Amino acid sequence: MTNSIICQMRYGFLLKFYFLFFCLWLSIVVRAQIEQYKIDSLKTTLSHVNADTSRLNLLFSIGESLWFNRQIPEAINYLKQTVSFGEEKKDYRHSCNAQLLLGHAWLRTAKYDSALTAITNSLNCSQINAQPEHIPKAYQAFTILYKQLGDRGKAIDYGLKAADGYEASNIENINVQSIYAWQDVGKIFELQQQPDKALEYYDKALQKAKVKKKDYLIMPPMLGVANVYLTQGRLTDAKKLYEEVVAMDRKVGGAEPTMDGLNGLGHIAIKEKNYLAAIVYYKIALDTAIRRNLIISIAGFTSNLGYAYFLYNQY
């Protein structure tokens, strides 16, 4: 094969993937703009509200929206205000939940001591002040914390307690959270190199998610199954699932499932020795993580990208 043909193939490949990058970037930006408009509207309303209950509702809504938009430093600021104001007015409905979201925010930024304090406070707040719907959520947050700290036995125990708590709830938006708890347990078994146990919990999560027919519920366990397939060498099966997740997430203008799906596709490209493809996949995933300020993901994707450049002789 001549050098000119190789160059043409590489050029075509790069065109294809930069077009993919543009489409993903556009969907993420549009989604972020919509969320930002919502946040700005809430802030405007907050500046004109005096009633305590309305003010507390708005503080929490702004903090929650900022958290879901991954504007983490600002989210922490509003969530702290929610906790302080809620405790001052002895209105614990939002303050317990705000502590929980603070815990997740600290987890995302690898501030584990702060995360432990916030999650513990949320659990105590929920138990003392009759907020039972937040208790399994706190258990699930402990699952993530101990997984990241490397205490996988404790993480699995909390994950199963969270799933049981969700399943026992008659409130639909609480009950459905067992999907995420089983997903977390599956991930821990995957880390412990127990693929059969991992698939067992990923499949439980996936089957329940499919019944709900909501893409945002289906994507996380689908990624889990794909990850196990990848470690088992079932590259075709894994690739199909990763591509389905990326396509599914584009419809809703998401970011993190796309990011994780592209990272998986990068791993497959490495195994297939298609290092240029791996670089493109990892680069898009890394850019997404940087925009979302996801510290732990940034570290992992940077390492993956560096390895791909090394294999591609781009020292």
Side-chain angles (χ1 to χ4, degrees), residues 10 13-14 16-18 20-21 24-25 28 70-73 104-115 143-152 155 183-184 186-195 198 202 219-235 237-239 241-243 245-246 249 254-315:
R10 287 181 177 175
F13 174 83
L14 286 172
K16 173 185 174 184
F17 277 92
Y18 280 113
L20 170 65
F21 172 80
L24 293 172
W25 174 83
I28 292 166
R70 296 302 187 258
Q71 295 171 243
I72 293 178
H104 283 291
W106 294 128
L107 283 172
R108 287 285 183 171
T109 51
K111 304 286 181 63
Y112 298 123
D113 288 342
S114 297
T143 304
I144 299 168
L145 171 64
Y146 286 113
K147 180 189 75 175
Q148 291 181 193
L149 291 175
D151 192 338
R152 294 172 184 168
Q183 162 81 12
D184 290 337
K187 180 63 179 177
I188 298 163
F189 279 119
E190 183 187 343
L191 291 171
Q192 293 191 154
Q193 298 182 342
Q194 295 179 256
Y202 284 147
M219 288 186 287
M222 187 180 287
L223 281 168
V225 172
N227 291 341
V228 176
Y229 285 166
L230 175 62
T231 59
Q232 292 177 329
R234 298 169 60 178
L235 301 188
D237 293 333
K239 186 174 184 179
L241 290 178
Y242 286 133
E243 288 176 342
V245 168
V246 172
D249 199 35
E256 288 171 49
T258 293
M259 181 179 74
D260 293 333
L262 291 172
N263 190 53
L265 289 169
H267 293 337
I268 292 173
I270 291 289
K271 289 181 178 293
E272 293 176 341
K273 298 184 178 181
N274 190 349
Y275 304 130
L276 180 57
I279 288 168
V280 175
Y281 285 132
Y282 290 147
K283 184 69 167 63
I284 301 172
L286 176 60
D287 288 345
T288 305
I290 290 171
R291 280 196 303 275
R292 292 282 179 141
N293 195 35
L294 304 176
I295 304 301
I296 294 171
S297 297
I298 290 170
F301 297 154
T302 302
S303 176
N304 293 342
L305 181 59
Y307 183 56
Y309 277 129
F310 173 78
L311 294 173
Y312 197 54
N313 298 322
Q314 295 296 313
Y315 303 121

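All values reported here derive from a predicted model rather than from experimental measurement.
Between Glu256 and Asp249, the shortest heavy-atom contact is N-OD2, 4.3 Å. The two atoms that bring Val245 and Pro257 nearest to each other are CG1-O, 3.6 Å, heavy atoms only. Closest approach of Ala226 and Ala238 over heavy atoms only: O-CB, 3.5 Å. Taking all atoms of both residues into account, the shortest heavy-atom contact from Ile279 to Leu305 is O-CD1, 3.6 Å. Nearest heavy-atom pair, Ala198 versus Glu190, reported as atom, atom and distance to 0.1 Å: CB-N, 3.7 Å. Residues Ser297 and Met259 come closest through the heavy atom pair OG-CE, 3.9 Å.
Here Tyr275 contributes atom OH and Tyr307 contributes atom OH; the two are 7.0 Å apart, rounded to the nearest 0.5 Å. A distance of 10.0 Å separates CG in Leu262 from CD in Glu243, rounded to the nearest 0.5 Å. The CG atom of Asp151 sits 9.5 Å away from atom CG of Leu145, with the distance rounded to the nearest 0.5 Å. Summarising the geometry, atom CG belonging to Leu235 is positioned 9.0 Å from atom CG belonging to Asp237; distances are rounded to the nearest 0.5 Å. Once rounded to the nearest 0.5 Å, the distance linking CG of Leu265 with CG of Asn274 reads 11.5 Å.
Residues Thr231 and Gln193 form no side-chain contact, since every pair of their non-hydrogen atoms from C-beta on lies 4.5 Å or further apart. Under the 4.5 Å side-chain criterion, counting only non-hydrogen atoms from C-beta, Leu230 is in contact with Tyr242. The shortest side-chain heavy-atom distance between Ile298 and Leu286 falls under the 4.5 Å cut-off. Taking the side chain as every heavy atom from C-beta outward, Arg234 and Val228 never approach each other to under 4.5 Å. For the pair Thr288/Thr258, no side-chain contact is recorded, criterion being any heavy-atom separation below 4.5 Å from C-beta on. In this structure, Tyr202 and Gln183 have side chains that are in contact, with non-hydrogen atoms separated by less than 4.5 Å.
Of the possible polar contacts, one joining the Tyr282 side chain to the His267 backbone as a donor-acceptor pair under 3.5 Å is found. In terms of modelled atom types and a separation under 3.5 Å, the side chain of Arg152 and the main chain of Leu191 share a donor-acceptor contact.
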Report task. Could you walk me through whether Ile284 and Val280 pass side chain to side chain contact (heavy atoms under 4.5 Å, CB included), step by step? Result -> CA-CA 6 Å; Ile284 301 172; Val280 175; 4.0 Å; yes

Query - side chain to side chain contact (heavy atoms under 4.5 Å, CB included) between Tyr281 and Asn263, intermediate numbers included - result: CA-CA 6 Å; Tyr281 285 132; Asn263 190 53; over 6 Å; no

Query raised in the report: Taking it one step at a time, do Thr143 and Ile188 satisfy side chain to side chain contact (heavy atoms under 4.5 Å, CB included)?
Result: CA-CA 9 Å; Thr143 304; Ile188 298 163; 3.8 Å; yes

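Looking only at atom types and distance, the side chain of Tyr229 has no donor-acceptor partner in the side chain of Asn227 under 3.5 Å away.
In this structure, Asp287 pairs ionically with Lys283, as a charged nitrogen and a carboxylate oxygen lie closer than 4.0 Å.
Environment of CZ in Phe310: sparse, with no more than 12 heavy atoms of neighbouring residues, nucleotides or ligands closer than 6.0 Å.
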